[in-house]
Protein chains: 2
Amino acid sequence: MATVHQEESIALLKAHGLSVTGGRKDILVIFLSRKGALAHADIEKKLGARYDRVTIYRTLQSFVDKGLIHSIPTNDNSIRYALCKDECASGHHHDHHVHFVCKRCDNTYCLDSVATPSIKLPKGYSINQVEMVVSGQCPSCQ
Amino acid sequence: MATVHQEESIALLKAHGLSVTGGRKDILVIFLSRKGALAHADIEKKLGARYDRVTIYRTLQSFVDKGLIHSIPTNDNSIRYALCKDECASGHHHDHHVHFVCKRCDNTYCLDSVATPSIKLPKGYSINQVEMVVSGQCPSCQ
DNA sequence: GTTGTCTTGCAACCATGTTGCTTTTTTGTA
DNA sequence: TACAAAAAAGCAACATGGTTGCAAGACAAC
Ligand SMILES: [Mn+2]
Ligand SMILES: [Mn+2]
Ligand SMILES: [Zn+2]
Ligand SMILES: [Zn+2]
């Protein structure tokens, strides 16, 4: 399934300076063939027992480091990851979009078309990064 | 220490329909005498070995349920809690302010004076809650 | 003070994430 | 294509965060 994204995943890995391995390809294909964010546990489930848990952790970390995926903060203590757009590269993420978490189906979406609004803080605070997470019901769950 | 907040904590517990126990008082006093958000581990450290880990978890959960504290989403997989304002009650939180995480001192602040900006999402999404977490450097760390 | 209810402590468990080290795979080069 | 260096994967062990069931203790109301 989803052999469609095999080539694309290989190209992406090379473009981001990562060596091409079975695990990285498989994990990246999962992200490519799936709209919405994934947690480590989701990926582990989808992969079956093909790879060690530790390998998955390290793969996700390297993807974040190289600008292939970004992490999304949640209040339920589980990190979720989603594909970055082309502008992201090693050490330079440019994800300024809003994230949406559906309270019914529990899916997390990157709303690429919605930019995080600019914000003015009291004197003394310098801003580095702004994260906006909206929760409610997604279109499929209305 | 901080016996100043003893009475206040008792009053708050009663006002939110919680029975008054040693653990709840002590934990609430910690929140009252501390500006900034606290994680479970911080509280455990401040309490010494006076209470069981499980008791602290359950206490924090009951505080959230009753509208005494609210949780703040972070991207480092640790839930932090901060006192609510008076408007929050059992099952009805009204925390619409921005949160700030300092990347240097790692403190988390409720910016009560900064409201979360309103946001417009694509068709089909219904909004329930908006969380905004800004990171950078706090005034003390400039 | 007695009684019923709620809270606590304890033990055991599960989930998530990390580290060190060895073996295997990848990659660039000869 | 073969080889060596570098990187990744697997394994084991550990750390932290959080949950559950149950028995014993504390609180609140009468
Ligand atoms: Mn995103
Ligand atoms: Mn707050
Ligand atoms: Zn949904
Ligand atoms: Zn600071």
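Quick note on labels: first sequence line is chain A, next is B, and so on, each numbered from 1. Remember, predicted model here, so these are calculated numbers, not experimental data.
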Pairing residues for B:S118 by the side-chain contact (heavy atoms from CB on, under 4.5 Å) criterion, not counting sequence neighbours: none
Determine to 10° how strongly the helix from C:dG1-D:dC30 to C:dA30-D:dT1 is bent, judged from the axes of its five-pair ends. 40°
Between B:R53 and B:V20, which has a closest nucleotide on DNA chain D that is more 5'? B:R53
Quick one: A:L60 CG to C:dT18 C1', roughly how many Å, whole number? 14 Å
Other members of the hydrophobic cluster containing B:Y51, with the 4.5 Å side-chain heavy-atom rule, please. B:I10, B:L12, B:L13, B:L18, B:V20, B:I27, B:L28, B:I30, B:F31, B:L32, B:L38, B:I43, B:L47, B:I56, B:L60, B:F63, B:V64, B:L68, B:I69, B:I79, B:Y81, B:L83
Go through the structure and list residues passing side-chain contact (heavy atoms from CB on, under 4.5 Å) with B:E7, not counting sequence neighbours. none
Interatomic distance, A:Y57 OH vs D:dA15 C1' [rounded to whole Å]: 12 Å
Expressed as a whole number of angstroms, how long is the span from B:Q61:CD to D:dT19:P? 7 Å
Could you tell me how far apart B:I79 (CD1) and D:dT16 (C1') are, to the nearest whole angstrom? 13 Å
Here the distance between atom C1' of D:dA8 and atom CG of A:L13, to the nearest Å, is 13 Å
Reading nucleotides 3-11 of chain C from 5' to 3' and marking B where a protein heavy atom lies under 4.0 Å of the base, S where only the sugar-phosphate is that close, and - otherwise, the string is ---SSBBBB
Only counting residues at least two apart or in another chain, list the ones meeting side-chain contact (heavy atoms from CB on, under 4.5 Å) with A:D112. A:K85, A:H97, A:C110
To the nearest angstrom, how far is A:E44 atom CD from C:dC14 atom P? 15 Å
Give every residue pair that meets the ring-ring contact (aromatic ring centres under 6.0 Å, His included) criterion with at least one member in residues 115-137 of chain B, sequence neighbours excluded. A:F100-B:Y125
Give each protein N/O atom lying under 3.5 Å from an N/O atom of nucleotides 4-6 of chain D, with the pair distance.
none

Checking B:N107 now: which residues fulfil side chain to side chain donor-acceptor pair (under 3.5 Å) with it, not counting sequence neighbours? none
Checking one residue: A:I72. Which other hydrophobic residues are in its cluster under the side-chain 4.5 Å linking rule? none
Applying salt bridge (charged side-chain N to carboxylate O under 4.0 Å, His left out), which residue pairs with at least one partner in residues 117-132 of chain A are found, sequence neighbours left out? none
For the rings on B:Y57 and B:H40, is their centre-to-centre separation under 6.0 Å? yes
Please determine if A:D106 and A:R80 form a salt bridge, counting it only when a charged side-chain N lies under 4.0 Å from a carboxylate O. yes
Taking side-chain contact (heavy atoms from CB on, under 4.5 Å) as the test, write out the residues that go with A:S113, two or more places apart. B:P122
Side-chain atoms of A:A41 come closest, of C:dT16, D:dG18, D:dA28, to C:dT16
